[in-house]
Amino acid sequence: QVRLVESGGGLMQPGGSLRLSCAASGSIIMINGMRWFRQAPGKEREWVAAVTRGGSTDYADFVKGRFTISRAADTVYLQMNSPEPEDTAVYYCNADITYRDRAILRTAPYWGKGTLVTVSS
């Protein structure tokens, strides 16, 4: 069974920094694209950043220059610098994972359960 587990959320002050982690585990053959999404109270989930298997990155305009996505082995990170109260949300990681299902290789998107980040002074 494949799992994604986020960690690192908490309370942070505007202008501070925080790093989120998301570790994949299970019968993983390969992890393709990895992404971070977030969902603020009363709002829809939105895409934040993405990193390909080759390390190419892309960001939503509202985090460019402040957040950095990276990956190492089966873990994806989100370094959050200069946060603003508007960044308060539950942050979710998402990954396209190839796994073994008996004798068959399958690829499917997986989601973590999220980690809450609160930005407040």
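These figures come from a predicted structure and were not determined experimentally. As a basis for the values below, the full set of heavy atoms in this structure was taken, side chains included, without hydrogen atoms, waters or symmetry mates.
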In this structure, CH2 of W47 is separated from CG of D58 (nearest 0.5 Å) by 4.0 Å

* With the side chain counted from C-beta on, respond yes when I31 and Y110 share a heavy-atom pair under 4.5 Å apart, and no when they do not. => no

Can you find a pair of side-chain heavy atoms, one from R35 and one from D96, that are under 4.5 Å apart? yes

- Query: Taking C-beta and beyond as the side chain, do E46 and R38 meet within less than 4.5 Å on heavy atoms?
  - Reply: yes

| said: Under a 3.5 Å distance rule, please check whether R71 uses its side chain to pair with a backbone N or O of G54 as donor and acceptor. | reply: no

| message | Are Y91 and V63 connected into the same hydrophobic cluster when the rule is that any two of I, L, V, M, F, W, Y join if their side-chain heavy atoms are below 4.5 Å apart? | response | yes

Are F62 and W36 co-members of a hydrophobic cluster defined by side-chain heavy atoms under 4.5 Å apart? yes

In this structure, would Y92 and V119 fall into the same cluster of hydrophobic residues linked by side-chain contacts under 4.5 Å?
no

W111 versus R45: any side-chain heavy-atom pair under 4.5 Å? yes

To the nearest 0.5 Å, atom OG of S27 lies from atom CD1 of I97 at 11.0 Å

Rounded to the nearest 0.5 angstrom, the CG-CZ distance for N81 and R66 is 9.5 Å

Between the OG atom in S70 and the OH atom in Y77, the distance rounded to the nearest 0.5 Å is 7.0 Å

Considering only distance and modelled atom types, tabulate donor-acceptor pairs under 3.5 Å from the side chains of residues 2-23, sequence neighbours left out.
residue: E6; atom: OE1; partner: K113; partner atom: N; Å: 3.1
residue: E6; atom: OE1; partner: G114; partner atom: N; Å: 2.8
residue: E6; atom: OE2; partner: C93; partner atom: N; Å: 2.9
residue: E6; atom: OE2; partner: G114; partner atom: N; Å: 3.1

Sorted by chain and number, sequence neighbours left out, side-chain contact (heavy atoms from CB on, under 4.5 Å) with D61 holds for K64

Count I, L, V, M, F, W, Y as connected when their side-chain heavy atoms are under 4.5 Å apart, and connections chain through other members. Are M34 and Y59 then in the same cluster? yes

| request: Treat each ILVMFWY residue as a node, draw an edge where side-chain heavy atoms are under 4.5 Å apart, and state whether F37 and L116 are in one component. | output: yes

Report task. Using a 4.5 Å cut-off on heavy atoms from C-beta on, say whether the side chain of S120 contacts that of T88. Result -> no

Going by atom types only, do T98 and T107 share a side-chain donor-acceptor pair under 3.5 Å?
yes

